[in-house]
Amino acid sequence: MRVLVTGGAGFIGSHVVDALRARGHEPVVYDVRDAPGADVRNPSAVAAALSGVDAVCHQAAMVGLGNGVADAAEYVSRNDLGTAVLLAAMAEAGVRRLVLAGSMVVYGEGRHDCPVHGVVRPGPRAAADLAAGRFDPRCPRCGTELTPGLVTEDAPADPRNVYAATKLAQEHLSAAWARCTDGTAVSLRYHNVYGPRMPRNTPYAGVASFFRSALERGEPPRVFEDGRQRRDFVHVRDVATANVSALEAEPRPGTLTAYNTGSGDPRTVGELAHALSTACHGPGPLITGEYRLGDVRHITADSSRLRADLGWKPEVTFEEGMREFARER
């Protein structure tokens with residue numbers, strides 16, 4: 001299969017390219033890092049890149065929480081306009097297979113259970129509560145402390161920041177394309193991806209990269225809130241093989257199928273910081289109590305649908321991944 005990989009020179013995209021080659025496919029890298037004109041918002045360049053292509057793996061995106069709404073226009077342009085241009089070109093070229101780099105951020109807060117009211121959906125956390133150190137959301141009906149759980153693909157979307165809103169819009173655009181063309185679309189809703197080639201020293205990098213950079217400077221990793229916020233840290237090579245599995249599958253045409261893509265091994269951000277401090281032989285984490293509006297408290301995945309439907313499973317354990325990540329230079 002000849003596969004166009006947008007963002008194919010980037011962090012996740014480059015690993016997808018490696019995984020495709022390992023499975024005997026022919027990846028075609030399309031990335032603005034390689035050529036300034038290779039922008040998914042460039043209709044003529046995208047049309048040319050689609051020549052002879054069987055499928056598209058769409059990894060190109062502006063990622064991270066960003067700067068509130070100050071960079072909203074750039075997020076929408078790169079993520080949503082770019083996706084719309086790509087999909088229109090695919091429709092014209094007759095390319096009918098798409099795998100999209102989705103994100104768990106579309107859910108907002110993850111699953112929460114109230115001992116009185118069952119599964120509830122807490123709203124955005126108030127700045128006053130965060131400033132007072134009240135980080136965990138409470139039941140919106142009775143105020144009782146909640147128990148976090150694993151979120152499934154059937155949970156309603158509730159994006160809490162600009163980036164999250166653009167990732168949900170990408171799914172809606174892809175679903176519309178699938179209906180119009182009878183194409184097959186899969187969105188892999190990535191959880192916290194880490195591993196080799198992760199971006200460094202940029203405000204849009206992930207928390208693992210922030211922590212490692214601090215340790216390389218001889219500084220303690222600065223952990224926001226109380227460090228007990230739960231995430232699912234999944235290795236980039238496992239994410240890459242999930243993309244290949246999705247490309248090789250036969251999903252139902254005319255619709256978009258979403259799959260959570262996580263390790264299934266929830267960890268706290270504090271655990272991540274401690275693991276990296278130990279692996280880097282550096283100072284222990286500093287719990288700062290700082291916070292960012294738009295962050296969610298707990299979001300961890302139930303990835304059983306991806307395992308059942310596509311036969312995928314993660315191979316890199318948290319401990320192995322942290323040791324490797326700490327060694328990378």
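In this text the structure is predicted, and so the values were computed from the model without any measurement. Keep in mind that the numbers below use all heavy atoms, side chains included, and drop hydrogens, waters and symmetry copies. Residue numbers count from 1 along this sequence.
- Both Leu188 and Phe11 belong to a common hydrophobic cluster when Ile, Leu, Val, Met, Phe, Trp and Tyr are linked at side-chain heavy-atom distances under 4.5 angstrom.
- For the side-chain contact (heavy atoms from CB on, under 4.5 Å) criterion with Val5, the lone passing option out of Leu20, Val99, Val28 is Leu20.
- Both tests do not hold together for Arg228 against Phe135: distance to the six-membered ring centre under 6.0 Å, angle to the ring axis within 45°.
- Between the Asp238 side chain and the Glu315 main chain, a donor and an acceptor come within less than 3.5 Å of each other.
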Requested in this report: Mind running side chain to side chain contact (heavy atoms under 4.5 Å, CB included) on Tyr30 and Val40 for me, showing each step along the way?
Outcome: CA-CA 8 Å; Tyr30 185 87; Val40 288; 4.0 Å; yes
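- Ionic pairing of Arg78 and Asp71 is not present here: no N-O contact between side-chain nitrogen and carboxylate oxygen is shorter than 4.0 angstrom.
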Intermediate values then yes/no, salt bridge (Lys or Arg N to Asp or Glu O under 4.0 Å), Arg297 and Asp226: CA-CA 10 Å; Arg297 178 62 170 171; Asp226 59 4; 2.9 Å; yes
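- Of the possible polar contacts, one joining the Thr317 side chain to the Glu320 backbone as a donor-acceptor pair under 3.5 Å is found.
- By the 4.0 Å N-to-carboxylate-O rule, Glu250 lies close enough to Arg97 to be salt-bridged with it.
- Although no hydrogens or angles enter the test, the distance criterion places no donor-acceptor pair under 3.5 Å between the side chain of Thr166 and the main chain of Val76.
- There is no side-chain donor-acceptor pair under 3.5 Å between Thr257 and Arg252.
- Across all non-hydrogen atoms, the minimal contact from Pro122 to His112 is CG-ND1, 3.9 Å.
- Taking the six-membered ring wherever Trp is involved, the centroid distance between the rings of Phe233 and His191 does not fall below 6.0 Å.
- Proximity of a side-chain donor or acceptor of Ser103 to a complementary backbone N or O of Arg189 within less than 3.5 Å is not detected.
- Across every non-hydrogen atom of Val3 and Leu247, the tightest pair is CG1-CD1, 3.9 Å.
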Practice prompt. Let me see the working for Gln59 and Asn243 under side chain to side chain donor-acceptor pair (under 3.5 Å), right down to the final yes or no.
Written response: CA-CA 10 Å; Gln59 305 294 317; Asn243 275 271; 2.9 Å; yes
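- Both Tyr259 and Trp312 are members of a single hydrophobic cluster when ILVMFWY side chains are connected at heavy-atom separations under 4.5 Å.
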